[in-house]
Amino acid sequence: MTAPLTVQTPPKLALALVSDLTPPSLERTWLTAPHPSLPLVATCSSDKTVRVYSLINFRLLSTISGGHKRSVRTCAWKPNVSGESVLATGSFDATVGIWRRWDNYGESATSIHNDGNAARLGGDEDVVQDEDEEWRFAVLLDGHDSEVKSVSWSASGMLLATCSRDKSIWIWEDLDDGDNNFETVAVMQEHEGDVKCVAWHPTEECLASGSYDDTIRIWREDIDDWGQVACIRGHGGTVWGIDWENVENMPFLSYSEDGSRLKEEWEKWHILSGPRLASCSHDRSVRIWRRQPRAQMNAPEASAIPSIIRPSGTDEMWEEDAVLPHAHELSIYAIAWSRRTGLLASVGADGRIVVYEERFSVSSDVESQPIDASAESPNSTGGASALRPSTEWNIVAIMDGAHGIYEINHVSWATRADRGRDDIKEEVLVTTADDGSINVWTLK
């Protein structure tokens, strides 16, 4: 486990404001969802709308309205869609909406610059806002008894998870039959408080959720029934946000002289444990959790693991991998783990943006306890073992008052394309705040 640092060096990077997204909402903006492949983001607002903006010139492209009777709290783009764009929205009116737009704003980021659609996605020409009717309210998913707080598509795009203040999580299957039919696959009610967030594993049909009951729960399907396989206890307050690590994440090799060996051991260990999960809480902490390989769960010493991190089920054991350096003075509402760089960003009620970086430790020695690879890894050769390199987390950038006096509700990493340049695709941070503003930041 990586312990929190007691001595923090000054941040080495600075956050610079690239632009705000205009025009903003006149009411609270809850969340920004980056498109999975195009330089676009969707934002959801208390004014009952979802707005789609270009990350080329930061201008409004579409305003989606008319489907919800109260605030739109959450939205998510469906992945792996060709020829159209599909958005799921969740509202305080207790419903989930599925919206479709047929031309997908162009098939790829490259076509944005090559097929004459530059103006529509934010090229040098004046932006022409799309007519609202190009977005069609395809279906209303009704079942929750109270406010919907989060929606998330699985990696395949076939499953949609939703969660609510009613303490339940619903999983819906898109039947993809051309008639916009969705089937209820499961309803899970093990949480003892509002469920604030849900997030699918980046490659598996495994769902994580965070709640007002201070727990994180992991869900998987067993034969034909979905159930809880782990209950992670460790936070001392509401779990506001969760995010999965990229499957191919690698800490920075800043200190080691034996980078190839550390990379090799990290990759072996990462295959066994799989992507880690980050969480943030009302207790002002950001924590990293990792799944314990089954070989370790069955070992005699496993019984010595503290009960606070024992799962309520019997299938998986998750343990605390790190507590990141303390940087927030109030509740942390959202975190985002970069799929490209492995950097992690957090925002919250104190109006502060914090960016963290994981590095291999000054001592490049790996942890002394090997993990039996033969029990878990499909690529292992009998008896092989994986040694886990030790890492440490550092704060590399802090921005105070990023939205003036207002709380920041959400943060996400997104890809920004440069005007007329296919080779310039920069990763940026997008933050949303109580005053309706949406800001785009870069690290320098």
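Predicted model only: the values in this text are computed from it and were never measured.
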Item to check | Salt-bridge contact Arg73-Glu147 (side-chain N to carboxylate O under 4.0 Å) | outcome: no

Checklist entry - Under the salt bridge (charged side-chain N to carboxylate O under 4.0 Å, His left out) rule, what pairs show up with a residue in residues 429-444, not counting sequence neighbours? => result Arg28-Asp434

Checklist entry - Does a side-chain heavy-atom distance below 4.5 Å link Glu357 with Phe252? => result yes

Checklist entry - With sequence neighbours excluded, what pairs up with Arg340 under the salt bridge (charged side-chain N to carboxylate O under 4.0 Å, His left out) test? => result none

Item to check | Under the side chain to side chain contact (heavy atoms under 4.5 Å, CB included) test, residues paired with Ala76 that sit two or more places apart | outcome: Val151, Trp153

Item to check | Sequence-distant partners of Ser150, side-chain hydrogen bond (donor to acceptor under 3.5 Å, both in side chains), two or more places apart | outcome: none

Checklist entry - Got a sec, which residues hit side chain to side chain contact (heavy atoms under 4.5 Å, CB included) with Asp225, two or more places apart in sequence or on another chain? => result none

Item to check | With sequence neighbours excluded, residues passing side-chain hydrogen bond (donor to acceptor under 3.5 Å, both in side chains) with Trp240 | outcome: none

Checklist outcome for this item: Hits for side-chain hydrogen bond (donor to acceptor under 3.5 Å, both in side chains) against Arg165, two or more places apart or cross-chain, chain-then-number order -> none

Indicate every side-chain donor-acceptor pair of residues 179-189 with a distance under 3.5 Å to a residue at least two apart or in another chain.
from, atom 1, to, atom 2, distance (Å)
Asn180, OD1, Arg100, NE, 2.5
Asn180, OD1, Arg100, NH2, 3.3
Asn181, ND2, Asp177, OD2, 2.7

Item to check | Those residues that, when tested against Glu245, pass salt bridge (charged side-chain N to carboxylate O under 4.0 Å, His left out) (two or more places apart) | outcome: Arg276

Checklist entry - Applying salt bridge (charged side-chain N to carboxylate O under 4.0 Å, His left out), which residue pairs with at least one partner in residues 195-215 are found, sequence neighbours left out? => result Asp194-Lys196, Glu204-Arg220, Asp213-Arg217

Item to check | Asp176: side-chain hydrogen bond (donor to acceptor under 3.5 Å, both in side chains) partners, not counting sequence neighbours | outcome: none

Item to check | Asp174 bridged to Lys78 by N-O distance under 4.0 Å | outcome: yes

Item to check | Contacts of Lys167 that satisfy salt bridge (charged side-chain N to carboxylate O under 4.0 Å, His left out) - sequence neighbours left out | outcome: none

